[in-house]
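Following: one structure in structure tokens, then a few remarks.
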There are 2 protein chains.
Amino acid sequence: MSSVSIKEVAARAGVSPGTVSNVLNRPEKVAESTRIRVEEAVRDLGFVRHGSASSLRAGHSRTVGLSVIDIGNPFFTDVAAGVEEAASERGYAVILGNSSGDRLKEERNLLVFAEQRVRGVLITPAGADLAKVDQLKDRGINVVLVDHPATRADQCSVAVNDVTGGSLAVSHLLAAGADRITYVTGPLTIRQCADRLIGAERALTAAGHDPREALEELPMSAMNARSGQQAAEKLIAEGRLPDAVFCANDLLALGMLRGLLQAGVRVPQDLSLIGYDDIDFASASAVSLSSIRQPTHRLGRVATELLLDECDNPDSHAHQQIMFQPELIVRESTR
Amino acid sequence: MSSVSIKEVAARAGVSPGTVSNVLNRPEKVAESTRIRVEEAVRDLGFVRHGSASSLRAGHSRTVGLSVIDIGNPFFTDVAAGVEEAASERGYAVILGNSSGDRLKEERNLLVFAEQRVRGVLITPAGADLAKVDQLKDRGINVVLVDHPATRADQCSVAVNDVTGGSLAVSHLLAAGADRITYVTGPLTIRQCADRLIGAERALTAAGHDPREALEELPMSAMNARSGQQAAEKLIAEGRLPDAVFCANDLLALGMLRGLLQAGVRVPQDLSLIGYDDIDFASASAVSLSSIRQPTHRLGRVATELLLDECDNPDSHAHQQIMFQPELIVRESTR
DNA sequence: CTCCGTGATCAAAACGTTTTAGGCCTGAAT
DNA sequence: ATTCAGGCCTAAAACGTTTTGATCACGGAG
């Protein structure tokens, strides 16, 4: 209740409200003696700036919106942690929206962001359709795409090369002696899944294999551990185990691993297994999981820095489409 | 840039700004014909309410602050997902703060929340000292404690009974035939760790054992998989393996499991193992992990509902200290 | 025919800050 | 002496809503 306003601070320090505002926002503009007096008043009264009033008048807030597809997935959690860290360092607050892969929910998130007049939006789009995102852009709200390459030149994006990642994984499996590989994936409408497939095919071709023969796709509807185990059961039931399995993410791979071990299939002796994302649990599973590591935390951090640079230096800002490279992590499951 | 204000909407609909505001906030107060006219204008102009202006005048915003200890821990992620879900259903935005267990960072989060004039705060306190929280309360910002019992009667809290959880785990281990049990935990200054220990001791006493003999504590500095593995290595190196191990969370347990299996210790034949939290990965590990399940998602959801009820119905609201009960989940690691 | 109640709308004030244009000094340059 | 510049500060307007009290038109009751 006891909301102390800038006026009361001004009164106690014997200056005008404008001067208090100056102390708060450009302290160098005000004489040292009065600055100290004002700062004391602020402390004594326990004044905290009213963000709404501030952003109403100033025309922009100190918040950014973050919309992710699934906050329960460690990949996105790490991204979110990076965002929160970078934003908080600069005094920005993060408004979190979880779309659960639902376009409608994503749209609602963007509306909330618009109402809050966020300074900018970070988004991992839930689909390939970026119309809503363009709309934000036209409204003057800066947007940085996360884990999705930008479609327009006047926009920043931060992503990891999934084609390279797919190649790394499959090249490694080939080097380990595999001939027949199964790619366990989510829906191929998901860009990441599709790109990793392309990379896989390229690696096969480069090694002199025919992808149509050497690679089998096994798409599951979800990308969690349960689906991975179901995929394992299916492979085993049909009696056509490949030499190696490449899973589109680590959750699938962990489920696959469990399904295989339960059926008595030894990893890696009978079958090599590699995942994607290198989540923490990949190294903690009984047979530690080879995987493709992505700089997740960094993804969130760099995206945030790009966004805030765009907001603070609209003139000097150069739009960038950053593409990180993934990294192969070899562990027991492919040895 | 194209910021459409309520005035322009009013002009186009041929009414006063006040009427537009009424259409937005209490549509029942305005005649149907004009309401429709205004709604059309809103749609045509693409008007979105300016949240800052709104909350400046109305005195409260439509945001809640959420400060968690470690957004990377699946436990907190689930809680956050529950919060986001419940808040978003009611049109509230969630401002996320990650304290990383750091008191200073937590304090900074609370300051940001105060600046944003959030409607209320949900917090899993990073320590036992709730002074800063009380301070918020005195400022008129409602607070609900998450996973921490309230210390004052005029405050809501939502937690899970950790004493019961500790008892459940240890009773189960005893029933499985264990005599000597090791409790692998984080720092015992963490309330959750300490409470689970109390529960463990109670279960032992109730079964006629002397806790000082039957139970050994092994506190680690961190509560992640790495620490769990280190704990396993320590037990093995010292050559004093117990009959059963109770880990204070699943991350520790997964690391422990890996360390044991690598050393050739069979689970559960040689040693029973139980974790805490029942994170998704507990069931996906090679030897699926028995655990104590907590209603995490629900924790976040109920906390949010409590908070928003307190905000919207300050008079009729009854403060509640809700204590959920945990649940024993038996899997392979204790069979 | 007047009075009053009711429902719908409006005009204007208020919320707490930032920003703009200017005012008042002091001291230096003319 | 006068002017000028620069440093410091102030008064007041503005941001886009919500809310309050007032106004107005319309019927129905007296």
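Chain A is the first sequence line, chain B the second, and so forth, proteins listed ahead of strands; every chain is numbered from 1. For clarity, every value in this text was computed on a predicted model and none was experimentally measured.
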Have a look at the helix from C:dC1-D:dG30 to C:dT30-D:dA1 and give the angle its two end axes make, five pairs each, rounded to 10 degrees.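 Result, rounded to 10 degrees: 70°.
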Counting just side-chain N and O atoms, does [X] come under 4.0 Å of either OP1 or OP2 of [N]?
{"X": "A:N22", "N": "D:dC9", "result": "no"}
{"X": "B:S21", "N": "D:dT18", "result": "yes"}
{"X": "B:R49", "N": "D:dT18", "result": "yes"}

Checking all strands, does [X] fall into the base, sugar-phosphate, or nothing category for heavy-atom contacts under 4.0 angstrom?
{"X": "B:G14", "value": "sugar-phosphate"}
{"X": "A:S54", "value": "sugar-phosphate"}
{"X": "B:R117", "value": "nothing"}
{"X": "B:S55", "value": "nothing"}
{"X": "A:S52", "value": "nothing"}
{"X": "A:V20", "value": "nothing"}
{"X": "A:T19", "value": "base"}

[X] has an atom [atom1]; how far is it from atom [atom2] of [N], in whole Å?
{"X": "A:R26", "N": "C:dT18", "atom1": "CZ", "atom2": "P", "answer": "9 Å"}
{"X": "A:L56", "N": "C:dC15", "atom1": "CG", "atom2": "C1'", "answer": "9 Å"}
{"X": "A:I6", "N": "C:dT18", "atom1": "CD1", "atom2": "C1'", "answer": "8 Å"}
{"X": "B:R37", "N": "C:dA8", "atom1": "CZ", "atom2": "P", "answer": "13 Å"}
{"X": "A:R35", "N": "D:dG7", "atom1": "CZ", "atom2": "P", "answer": "16 Å"}
{"X": "B:E8", "N": "D:dT17", "atom1": "CD", "atom2": "C1'", "answer": "14 Å"}
{"X": "A:H60", "N": "C:dT17", "atom1": "NE2", "atom2": "P", "answer": "16 Å"}
{"X": "B:K29", "N": "C:dG7", "atom1": "NZ", "atom2": "P", "answer": "9 Å"}

Taking the side chain of [X] as its heavy atoms from C-beta onward, which of [options] lies nearest to it?
{"X": "A:A53", "options": "C:dG16, C:dT19, C:dT18", "result": "C:dG16"}
{"X": "B:K7", "options": "D:dT10, D:dT17, C:dT18", "result": "D:dT17"}
{"X": "A:V30", "options": "C:dT17, D:dC9, D:dG16", "result": "D:dC9"}

N/O donor-acceptor pair under 3.5 Å between A:R191 side chain and A:D147 backbone: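 Yes: the side chain of A:R191 pairs with the backbone of A:D147.
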Counting only N and O atoms by type, is there a donor-acceptor contact under 3.5 Å from the side chain of B:S157 to the main-chain atoms of B:Q321?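 Judged by distance alone, no pair lies under 3.5 Å.
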How many angstroms lie between [atom1] in [X] and [atom2] in [Y], if you round to the nearest 0.5 Å?
{"X": "B:D162", "Y": "B:I190", "atom1": "CG", "atom2": "CD1", "value": "11.0 Å"}
{"X": "A:D78", "Y": "A:Q294", "atom1": "CG", "atom2": "CD", "value": "10.5 Å"}
{"X": "B:N142", "Y": "B:L136", "atom1": "CG", "atom2": "CG", "value": "10.0 Å"}

Identify the two heavy atoms, one from A:S67 and one from A:N109, that lie closest to each other, and give their separation to 0.1 Å.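 For A:S67 versus A:N109, the nearest heavy atoms are OG-ND2, 3.7 Å.
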Smallest separation among heavy atoms of B:I95 and A:A93, with atom names: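 Between these two residues, the closest heavy atoms are CG2-CB, 3.8 Å.
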Base C:dT17 paired with A:R57 side chain (donor-acceptor, <3.5 Å):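 Per atom types, no contact qualifies.
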Donor-acceptor pairs under 3.5 Å, side chain of residues 31-45 of chain B to any protein atom, not counting sequence neighbours: which ones?
residue : atom : partner : partner atom : Å
B:T34   : OG1  : B:A31   : O            : 2.9
B:R37   : NH1  : B:A13   : O            : 2.5
B:D44   : OD2  : B:R12   : NH1          : 2.9

By nearest heavy atom, map B:V15 and B:A58 onto DNA chain C; which one lands nearer the 5' end?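 In this pair, the answer is B:V15.
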